[in-house]
Q: 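Handing you this structure, nothing more for now.
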Amino acid sequence: MGSIWTGGGCLVPCAFGLAATAGITGVSPIELARRNFIPVLCGLFVSTVLAICLM
């Protein structure tokens, strides 16, 4: 997932998904991104470690 995110192919859909979710829930998109930053990085780290262990 990290390579997809850095390639920019997922940035536009993620931004629209974030804006849509923020609009439905009535939360600021910036606040939503700020609160989800640590869980997203933890998930990326765990999936990377798991992928390395399974190789």
Q: Hey, is CD1 on Ile30 packed in by over 12 heavy atoms from elsewhere, all under 6.0 Å?
A: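 Check fails, neighbour count at 12 or below.
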Q: Which pairs count as salt bridge (charged side-chain N to carboxylate O under 4.0 Å, His left out) when at least one residue sits in residues 44-55, sequence neighbours excluded?
A: none
Q: Between Ala22 and Ser28, which heavy-atom pair has the shortest distance, and what is it?
A: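 Answer, listing the atom of Ala22 first, then Ser28: CB-C, 4.2 Å.
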Q: Closest approach of Leu32 and Val27, non-hydrogen atoms and distance?
A: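 Distance-wise, the nearest heavy atoms are N-CG1, 4.3 Å.
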